[in-house]
Amino acid sequence: MAVIGAGFGGIGMGVALKRAGFEDFVIFEKGADVGGVWRDNTYPGCRCDVPSHLYSFSFAPYRDRRIRYPGQRQILEYLHRVAVECDVMSHLRLGAAVTEATYLERRGCWELTTAVGRSVADVVVFAVGQLHRPYLPDIEGRNDFAGVSFHTSEWDHRHDLEGRDIAVIGTGSSAAQILPSLAATAARVRLFQRTPHWVLPKPPVEFGPLARAGLSLPGAHHLYRQALENGADAVLAPIMRRGWSARPAAWLARRYLHRQVPDPALRAKLTPDYPIGGKRIIFDSHYYSTLNRPNVELVTEPVAGIVRDGVVTADGTRHRVDVIVYATGFRAPEFLVPVQVRGRGGTVLQEHWSTGASAFFGLAVPGYPNAFLIAGPNSFNPAGSNPGMKERQIEYILECLRLRERLGVAAIEVDEEAMRAHRRWLDQAIDKTVWPATGPSWYKDHAGRITNPWPASARTYERMLRQHRPEACFRAASADTPYPRHGRSAHAVTRCSTTAASPAAS
Ligand code: NAP
């Protein structure tokens with residue numbers, strides 16, 4: 001069996017396989033380390049805006065009585081610890097970017113191509129995440145810039161930005177976290193905003209003395225996690241659907257903006273004109289206040305081009321800068337790119353998705369037997385914890401593998417009708433959200449189809465998965481290839497045959 005990607009999804013899948021008594025699997029990872037986005041994003045100020053008691057695996061609960069929101073390095077350390085303690089490290093192939101995955105129909109398994117060769121695996125789990133390929137906008141003259149420039153997820157630490165003149169393009173969650181750190185030492189920071197985002201304050205990074213004392217009580221960490229889970233489902237999720245909390249949240253955000261930014265002209269520029277939740281809400285307590293600093297300027301004229309020494313806006317102003325930081329987000333709707341995935345009949349998945357990426361609960365696609373996704377289309381939780389969503393997907397994938405074993409077939413795939421029914425449910429659920437009424441964001445593909453977020457609460461996702469058992473929604477992909485029974489351990493979930501084969505060129 002092959003897992004592709006060693007972020008939260010891939011590590012979680014590896015741990016689940018080990019716990020199910022399954023040893024014969026390989027995790028292919030393109031990078032030089034585990035961690036996914038928490039390995040790649042090292043920009044100043046990078047930390048998760050979801051409390052780690054929630055942003056962690058339930059089987060490896062976060063138990064810190066001091067820090068509520070750990071920084072990037074601490075989250076990376078957490079993932080390392082999980083991988084080491086759960087004995088997943090020996091399954092890793094680092095620096096092994098999978099470029100092709102082809103379903104071998106007669107054998108009911110997958111052939112995977114990396115730069116060093118080919119492997120065959122009976123099952124493949126794509127755990128590549130949604131936010132890992134940087135998006136660099138096609139701004140005229142971008143390559144003409146003579147200074148230093150980089151994307152937030154490819155921070156170039158060789159350059160000291162102290163005392164420099166910096167342009168930050170984009171005002172999403174990454175920009176909001178970077179701005180206070182940059183502004184503290186830069187000569188000047190110009191923040192180029194196309195659309196203002198909704199911002200809500202978040203509690204301090206560290207717990208206060210009362211919370212610390214509370215967390216020392218038996219069972220308190222678990223209760224706190226549950227409270228966060230309940231809070232996200234009951235308060236945050238309804239915001240996206242114009243539910244009861246949308247108005248109070250918008251009121252709170254406006255009041256927060258009013259208190260933080262005394263200048264009415266600046267406040268007007270920062271006031272969103274689309275419903276709260278239309279784009280991912282920024283949770284940050286230092287972004288607005290930093291915009292009041294004398295060395296920070298919010299530029300709302302559209303970026304028209306980039307020249308040798310700076311950024312030119314549509315009004316013709318030339319903003320001379322030494323450094324350009326692209327906080328312009330990720331190619332999130334291009335799922336699985338650059339892996340070329342060929343399923344039954346040689347159909348390329350990206351072509352199959354030419355009318356919009358879609359998958360059964362974000363985890364399986366008809367025509368792609370024994371292939372599963374973690375964090376696939378419409379399974380990003382914009383209102384809570386994504387490690388939690390991934391755990392639900394991992395549990396479901398294990399159940400699919402058990403079903404395959406029970407059926408005694410080489411391959412199973414999600415039924416077309418189950419997919420159609422799920423699509424119908426998704427369409428009506430998405431229609432009830434604020435996303436159709438909001439402009440472009442990484443929630444949507446180039447044609448405006450909403451391909452990334454899950455349109456309900458995490459609890460609804462869990463409940464719906466329970467109601468859509470693999471027995472009812474998956475079927476044997478081919479009746480004539482029997483389940484491979486040789487060498488299977490008594491506890492094996494599935495037979496795994498990930499073997500290094502001939503080099504790709506041969
Ligand atoms: P993002 O939310 O996609 O924001 C990209 C920004 O770039 C937007 O403000 C966008 O403007 C702007 N932009 C894109 N092209 C532009 C152009 N040609 N000219 C001017 N502006 C342009 O990206 P992100 O901030 O990296 O965040 C992505 C996601 O990563 C977040 O939504 C979140 O899920 C995750 N994240 C999480 C955390 C955390 O703490 N958990 C932290 C950082 C990121 P428009 O809005 O007008 O399109």
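When reading the values below, keep in mind they use all heavy atoms of this one structure, side chains included, and skip hydrogens, waters and symmetry mates. Fair warning: this is a prediction, and the values are worked out from it, not measured in the lab. Note that ligands are numbered from 1 as they come in the structure, with each ligand's atoms numbered from 1 the same way.
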### Query
Is it true that Thr152 lies under 4.0 Å from ligand 1, counting heavy atoms only?
no
### Message
Please determine whether the number of non-hydrogen atoms from other residues, nucleotides or ligands lying under 6.0 Å from atom CZ of Arg247 exceeds 12.
### Response
no
### Query
Does even one non-hydrogen atom of Val303 get within less than 4.0 Å of ligand 1?
no
### Query
Which is it for Phe335 and Trp353 under the side-chain contact (heavy atoms from CB on, under 4.5 Å) test, yes or no, and what are the steps along the way?
CA-CA 9 Å; Phe335 290 91; Trp353 277 344; 3.5 Å; yes
### Message
For ligand 1, which is the ligand I care about here, please tell me if Ala327 has any N or O atom under 3.5 Å from one of the ligand's N or O atoms.
### Response
yes
#### Entry: Given Ser56, Ser52, Ser58, the one that forms side chain to side chain donor-acceptor pair (under 3.5 Å) with Arg225
Ser56
### Summary
Closest to atom 15 (N) of ligand 1 among protein heavy atoms sits Arg194 NH2, 3.5 Å
### Message
Geometry only, no angles: is Thr195 polar-contacting ligand 1 at N/O separations under 3.5 Å?
### Response
yes
## Note on the structure
Looking only at protein heavy atoms, what sits closest to atom 29 (C) of ligand 1 is Trp442 NE1, 3.6 Å
### Message
Check for me whether Trp38 has a heavy atom closer than 4.0 Å to any atom of ligand 1.
### Response
no
### Message
Heavy-atom count check: over 12 atoms from other residues, nucleotides or ligands less than 6.0 Å from His222 NE2?
### Response
no
### Query
Of all the non-hydrogen atoms in the protein, which one sits nearest to atom 46 (O) of ligand 1, and at what distance?
Lys279 NZ, 2.8 Å
### Query
Between Glu462 and Arg459, does at least one N-O distance fall below 4.0 Å, as a salt bridge requires?
no
### Query
Is the centre of the Phe57 ring less than 6.0 Å from the centre of the Phe8 ring?
yes
### Message
Under 4.0 Å, counting heavy atoms only: does Ser441 come that close to any atom of ligand 1?
### Response
no
### Task
Considering heavy atoms of the protein only, find what lies nearest to atom 40 (O) of ligand 1 and give residue, atom and distance to 0.1 Å.
Asp49 N, 2.8 Å
### Query
In terms of heavy-atom contacts, does CD of Glu140 have more than 12 from other residues, nucleotides or ligands at under 6.0 Å?
no
### Query
Looking at ligand 1, does any of its N/O atoms fall within less than 3.5 Å of an N/O of Arg280?
yes
### Query
Do the ring centers of Tyr43 and His151 come within less than 6.0 Å of each other?
no
### Task
Specify side chain, backbone, both or neither for Phe380, according to which of its non-hydrogen atoms lie closer than 4.0 Å to ligand 1.
side chain
### Query
Is Val50 in contact with ligand 1, taking contact as a heavy-atom separation below 4.0 Å?
no
## Note on the structure
Checking heavy-atom distances from atom 24 (P) of ligand 1 to each of Gly45, Pro137, Gly172, Ser174, the winner is Ser174
### Message
Tell me whether Phe330 reaches ligand 1 (any heavy atom closer than 4.0 angstrom to a ligand atom).
### Response
yes
### Message
Can you tell me if Gln193 contacts ligand 1 (heavy atom of the residue under 4.0 Å from the ligand)?
### Response
no
